[in-house]
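Below you'll find the structure, written out as structure tokens, and then a few comments.
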Protein chains: 2
Amino acid sequence: MGMQEKGKVRRYVYFFGNGRADGNGKMKDILGGKGAGLAEMTNLGIPVPPGFTICTEACKLFYAHQRHLPKPVEDEALRHLHRLEKAVRRRLGDGNDPLLVSVRSGAKFSMPGMMDTILNLGLNDRAVIGLATQTKDERFAWDSYRRFIAMFSDVVLEVEKKKFEEKLSEIKRKFGRSQDVELTAEELKELVGEFKALACRESGRDFPQDPLRQLQMARDAVFNSWNNDRAVFYRKQYGIPDDIGTGVNIQAMVFGNMGYTSATGVGFTRNPSTGHKEFYGEYLVNAQGEDVVAGIRTPRPIRHLKEDMPQAYRKLREVTRRLERHFRDVQDFEFTIEQGKLCMLQTRNGKRTGLAAVKIAVDMAREKLITKREAIMRVDAEQLAQYLFPVFDSSREGSATVLGKGLPAGPGAATGRIALTPDRAVEMARGGERVILVRGETSPDDIHGMNASAGILTGRGGMTSHAAVVARQMGKVCVAGCSSLEINESSRVVRAGGRVLPEGSSISLNGFTGTVYEGEVPVMPSEVIQVIQDKMSAKDSDKYRYFSTLLKWADEVRQLRIRANADIPDQACIARGFGAEGIGLCRTEHMFFAEDRLPIMQQMILARTREDRLQALQKLLPLQRNDFIGLFRAMRGYPVTIRFLDPPLHEFLPKREELLVDLARAETKANGEDLELKRKLLNRVEELYEFNPMLGFRGCRLGIVYPEISEMQARAVFEAACTVAKENIRVMPEVMIPLVSMDTEMRAQKRIVHRVGLEVMKREGIKVKYTVGTMLELPRAVVTADQIAAEAEFFSFGTNDLTQTTFGFSRDDSGRFINYYLNSSNTCTMCSSTQIDRKAGVCKVCKAEVDVGGPNIIEADPFSTLDRAGVGEMVRIGVERGRSRRPDLKTGVCGEHGGDPRSIHFFHSIGLDYVSCSPYRVPIARLAAAQAAITGKDSRNSGGRNGTRQAAR
Amino acid sequence: MGMQEKGKVRRYVYFFGNGRADGNGKMKDILGGKGAGLAEMTNLGIPVPPGFTICTEACKLFYAHQRHLPKPVEDEALRHLHRLEKAVRRRLGDGNDPLLVSVRSGAKFSMPGMMDTILNLGLNDRAVIGLATQTKDERFAWDSYRRFIAMFSDVVLEVEKKKFEEKLSEIKRKFGRSQDVELTAEELKELVGEFKALACRESGRDFPQDPLRQLQMARDAVFNSWNNDRAVFYRKQYGIPDDIGTGVNIQAMVFGNMGYTSATGVGFTRNPSTGHKEFYGEYLVNAQGEDVVAGIRTPRPIRHLKEDMPQAYRKLREVTRRLERHFRDVQDFEFTIEQGKLCMLQTRNGKRTGLAAVKIAVDMAREKLITKREAIMRVDAEQLAQYLFPVFDSSREGSATVLGKGLPAGPGAATGRIALTPDRAVEMARGGERVILVRGETSPDDIHGMNASAGILTGRGGMTSHAAVVARQMGKVCVAGCSSLEINESSRVVRAGGRVLPEGSSISLNGFTGTVYEGEVPVMPSEVIQVIQDKMSAKDSDKYRYFSTLLKWADEVRQLRIRANADIPDQACIARGFGAEGIGLCRTEHMFFAEDRLPIMQQMILARTREDRLQALQKLLPLQRNDFIGLFRAMRGYPVTIRFLDPPLHEFLPKREELLVDLARAETKANGEDLELKRKLLNRVEELYEFNPMLGFRGCRLGIVYPEISEMQARAVFEAACTVAKENIRVMPEVMIPLVSMDTEMRAQKRIVHRVGLEVMKREGIKVKYTVGTMLELPRAVVTADQIAAEAEFFSFGTNDLTQTTFGFSRDDSGRFINYYLNSSNTCTMCSSTQIDRKAGVCKVCKAEVDVGGPNIIEADPFSTLDRAGVGEMVRIGVERGRSRRPDLKTGVCGEHGGDPRSIHFFHSIGLDYVSCSPYRVPIARLAAAQAAITGKDSRNSGGRNGTRQAAR
């Protein structure tokens, strides 16, 4: 069976049904999440309609063969179809008792609503009669048929859905029906006729009557949907690889739309929004699954099912409890009740908010369902940020005007201006506005607009509607199903609570309560931040306690130390509150940009002589010393890394073009006096002008050419250190020399630091331990790290600048092509058009073949996530060479990457001592470091090449 | 004897005399060149006054001990002084028959006139009487004493020389003497009294009478002179390390000033200017050595010595012939004849012009004095450039106005404006002018001015005067001793040939003939270039034949292939003439800057749509194709590497600031129409504006975002290749993708090249072999070279850009601090002042101790000479990783470093296949590659770490 490949028989199709499945729950790679879940449930003896999964490998073959499934796989699928027919004792297209199937996508990582689904497949003019006969429900049969035609035409034939909706409305008008369910069988028959004609007219061919052909077309449509714009965008958003493909699940239909003993629903074993341990979900009676998820009708909370169908409810509780225990995680499930009989259609680990993720992980560990280590692994480190999001100021929220109330579908507080379409949301966000996307309901096509918005508000749909699910995953505030909302897209206004709000008006969403307010309600810090700032007691905050429990567990396992980048005492205090174990980067220049200091700094830069320069520096000394005193006090003995002046001097002066333009204007007006001054300033700016300031006169180059600057900074450090040490507070200054490319630079600057240190400590009569090291951020420093380590006691990798020089990418300029690079697989390599006919795999503009789904030139922005193969390799070489010379060399990272979980995993793997990140990312880094220690415990220190690339040496 | 160090007895003083020396000619490191030469001559039995050498290690100790010679070494020197006294049977300071000595510096590398010399040391008020008695020549004794006082005061006591000269003139005036030699003993006695008083007044202490003290002071002055400004400048100029120190030679005096049977002179065993095999030199009767070298009196050609002192002449010829055979190289010697008796004072390998170096090397190899390999090693590759210097157009030279005639001391043709002081020469050269430095005579203090000038003209001095020696070494055109010249420094004019030329007037120097012309005589290409351009026959040019013989020998041993960087067919032809084996870099953008193409290029850039862009590219295609046809024809089968478009697009547009200023002006004038146009242009320029264009939208990033550009360029390459292939000329295009940082970039661009190649070759019905590779110039490409080698068939290291990104130095901006870095050891590390009291080793401004003579932050400009430890290590890693993936990977270099001999040695050592440089540097590269093969034959390919640095891996 299956295709022969490299001598090994491969299988591409897996059956499940009647208590036994070919696959199991662990085979997500091959079966996709949905297929694996169905197989596992089948094996567990849980009622699941039988079916089979065409696996993800088949999808890859499909793309490798010009979007055709090779004959042997086609045959394999056919054999499984017959197996299914045998299992349910019905045949596809049978005129008496036809088999109907659903065709659903299912990739390894769930992508809710991103890909296409077709229900009721197998219906044709003959089978619909059979269905009617068999179910004795003619209305149901024709209702199913019209649904199928519309869905198939939309997904497979690419006929606009709206046209079918219009036709439906037309028929309803014609027969005076206000609801779909009021349409009679006869009326539905007429509708089916109209639908078929519409499909034929729009697609240019008869609606396919051969059920086998329907099945093949639907299956290929699912494969093709892997590369639709929504799916591509989603994968990019969540870092899902483009080349893993989707499976296709073909499953015997069960019907939730067989009258009032039937229903369909979805749910979670715990609340995915708050994490509370409660059975949670929604259902619709007499409906098909798509109605729930799409948010077209607002469904009923699941507790009502207990009353509506008590037996089915009991069964559902029993099954879902079992599933949670079995999978040891919150389950997100779909079910259908067909005439009282429960069938499970899906189960998977439920997506949840960050708040819920922490609570569920900690609760489950306490319930002994999982270990502490598993609890640590259950939370996406990035999601911890949700604990720090601001909330509404409760003292002000009370007096705000309430516009309505919906379901609290995504926690948090959001204010912004109303956008009524996703495109408008993107446009407004680009203009720098905070946006609230307001929609009747959202669909997968809206995803770019949701991404651009701070909050999402919908008029229809429940807690598991598209808007709710996606918003929670994105960490967006969301209020769903706010039924008092009346949206008029054509006149661009929203009516609610008796008010008329034109697009662009401000509103506020409370995602914890579901309340919608007019205007901007003031926000205040989150509970966690209030606790850290001593404005709230830890025991009053459940949120803080869950948050800190998980982080305490994380601290027990992590090996990387976490420091913060902080320039002023306030930031240092917050960093300590978040658990930072020192300051990894204090950028001294930030102090010079302060309003009271900039003029002195400019005076120093404009100085023509050393004497004038010294005079200005003399004024900066006490200011800088005070800054350091504050930092040392705040860090109470933890190390504080102080970087000497780094940016090019012209950053402190007015811009050259502005002066040029000013001067040109002034010249034309012939204003003599003004002219002279401007010319003078311009002269100095011209002198300092650089074509590539990033590669210019900055970093330690400043301190070497103007040693008096380094001397002043060293003096401020040591005077501050001595002052604080005399207060009996331990101080541990680490002086960091920036932008070193040669050991000789390091030596020259170190000599100044040591000389001043000795002098100050002698004068003050107190000794302070300190170290001198460098910010390693240039490739030359990396390859000569052994020489530099002879001079430097620590290396702090400045991965921002190192990324710039390693790639030759200017952070300020490279956006243009990096954005292109990130999307290149969706772009024609011949004409760079993005108008790709994905189905045909050709460029619509130049007709060249396009390798859709291939890798992008670059898969992640290297300024956000460390480029392991290049910049990571640089860091590895630097650590290796540095330690070869100085085995106890302290190594860390202080670039943006220090707070990026993916990068932290890498830094752990190559054995760094610490990472330093912004204060607000310290909790994220603590958790990520623990996760790295758990997943990477074998590779750490044993040579960073593990887990990176295999290089040839 | 000697100092104990690490258990080993070290000696610091070496004796020579009476036919035996402690040292020998191979010990230049320890004894310095002069000391080694004296030792070797002594061992050979050649008459040399006895003496001893305090070695270079002692100089290092001197600096290590706060400029004091440690006591044990002092004692060692004293013991050798006694040995000398015993050998010559005279005692220092003896009142009857005193020993007089000379004290001379002598480093490993000769630095003519750069350091200080003192003659007649040992004279005091008592010894002068003894000398008079012993020599029976009172006048001679007092003449020697006054010379000694003046020289010692100048060098050791730092009293201005000019003051002694004034005093001498005063005395001459007083006694009515016009020449020094006319002064009587009594008059000289009075002069000595005046000199002593002057020295005491100016230095604040009595002139030292203790000869031992004199000797110590003189020796320390020599050690101190190692770090005088002239010596520091000289070492920097010639890449001599600062830390090797100088030796001090203390030698019994012989006197060339003992009347008319005495003389002193210098000479060469072959002509150092032309290389002709002729005995060559100058001498002065009744004079001391300094008179010849300083150029104060114009000496007589050495052939006259044959008549003046035939016996001494014969002896000299015999000795110098023997020296040339012994040392197997041209000897530059100094001698003194004391009352008919010849003594040799120095011999060393003679410095020579490039023309002479080649001729001498080839001649000596033919004479079997040296091997061909030695001949190759005898020529400094850089000096070959002298063969390519232009000469005067002989048809125009005849009609030029002759101002005078001097000695042809430095070959070549130079035109420029007159500068009368070195400072003025530097100033004019900075202003972009070509300068001829015109001086009465030059002194070591003039060296910065000579360096800044195109030619040097002196009124006094011979072929071995300071001006002549230094000019030849610098490769400058020089006419020396042009006696018709009358220079008036105060009125800033030169009078010659009846003309009055103010400073700044144009003159021309013919360094082959010694003729000086008024105005600028037009120049024409050198003989070698005329032969290459077929404007002269090889057999008519001796110069060409010597040049090509040596290069032929070089080709026999070198392993590196040499290519040229050429953008247009003309350059390619010259490159072929110079022996280039292909084009290593054709920068296609240079073609786009041509006047007829720039508007089309701008049209392409301003295009808003692909269609418009294609239209412009369509116009560029035939032009570019024609360029390539020309290159392929010129290279006739040799490989041609064509680099795709590289620079940022805004380089083709007007500058942003200019547009901004224009616009500001136009706005103020409120000129509507003009305004609109300017705004439009500015808009596009603003769009393309980059903060760091070096790290911006350039290189393959252009070809990826605008694939149609790469497509057009590929089309031009293949259409040209097919066209030329049909002419039955072999073509070998190598398509080079610039600025690749990722394998995915390489893959995307290669795909376009292959597709277009296939298409064009199919259409043209002819197959052409080609390869696609990359310019490796980014650190990321280096560390992922294995991945990139999977896609690229060759790597050409772009060491210019690689230096920029490795160091983080922008070539356009870094001059400011690189110049500082190159001189940092002469700069106070505390206050960055260059006003260093070198003698005391302290900064004159801030009084900090300065580590004079320590290493500089950087020793060579990394944009001129490859930085081996950093950028070189990058290249090594790139080659190693690249070859690990593709063992037959072709590797080369096409940056500026490809033509730099020192860098070529490194490229050879790490096993590159070729270097590519500017056409005019191809001969230099051929020779340097041969030299690298000879010196580095053990290390090549066996791992480039040899000869670079020991890194820890």
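Every chain is numbered from 1 and lettered A, B, ... according to where its sequence line falls, protein lines coming before strand lines.
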Does any heavy atom of chain A fall under 4.5 Å from the side chain of [X], the backbone, both, or neither of them?
{"X": "B/Ser741", "value": "side chain"}
{"X": "B/Met742", "value": "side chain"}
{"X": "B/Leu802", "value": "neither"}

**Asked** Where do A/Val783 and B/Gly870 come nearest, in terms of heavy atoms and distance?
**Response** CG2-O, 3.6 Å
**Prompt:** When only pairs under 4.5 Å are counted, which of B/Ile858, B/Leu778, B/Leu614, B/Val871 shares the most heavy-atom pairs with chain A?
**Reply:** B/Leu778
[atom2] on [Y] to [atom1] on [X], rounded to 0.5 Å:
{"X": "A/Phe817", "Y": "B/Tyr706", "atom1": "CZ", "atom2": "OH", "value": "12.5 Å"}
{"X": "B/Leu695", "Y": "A/Asp813", "atom1": "CG", "atom2": "CG", "value": "7.5 Å"}
{"X": "A/Thr784", "Y": "B/Arg868", "atom1": "OG1", "atom2": "CZ", "value": "16.0 Å"}
{"X": "B/Phe697", "Y": "A/Ile818", "atom1": "CZ", "atom2": "CD1", "value": "12.0 Å"}
{"X": "B/Thr805", "Y": "A/Phe809", "atom1": "OG1", "atom2": "CZ", "value": "12.0 Å"}
{"X": "B/Tyr821", "Y": "A/Ile704", "atom1": "OH", "atom2": "CD1", "value": "3.5 Å"}

**Asked** Quick one: what part of A/Leu688 sits under 4.5 Å from any heavy atom of chain B, side chain, backbone, both or neither?
**Response** both
**Fill in**
So, the part of A/Thr744 with a heavy atom under 4.5 Å from chain B: the answer is both
**Message:** Could you tell me if the side chain of A/Met874 sits less than 4.5 Å from the side chain of B/Pro779, heavy atoms only?
**Reply:** yes
**Request:** Look at A/Glu745, A/Gln749, A/Arg701, A/Glu777 and state which one has the largest set of heavy-atom pairs under 4.5 Å with chain B.
**Result:** A/Arg701
**Request:** Taking salt bridge (charged side-chain N to carboxylate O under 4.0 Å, His left out) as the test, write out the residues that go with A/Arg811, two or more places apart.
**Result:** none
**Prompt:** Out of B/Asp867, B/Thr806, B/Thr803, which one pairs with A/Arg780 under the side chain to side chain donor-acceptor pair (under 3.5 Å) rule?
**Reply:** B/Asp867
**Request:** Could I get the full list of side chain to side chain donor-acceptor pair (under 3.5 Å) partners for A/Asp801, not counting sequence neighbours?
**Result:** A/Arg698, A/Gln804
**Request:** Keeping the roles fixed (side chain from A/Asn692, backbone from B/Ser810), state whether a donor-acceptor pair exists under 3.5 Å.
**Result:** no
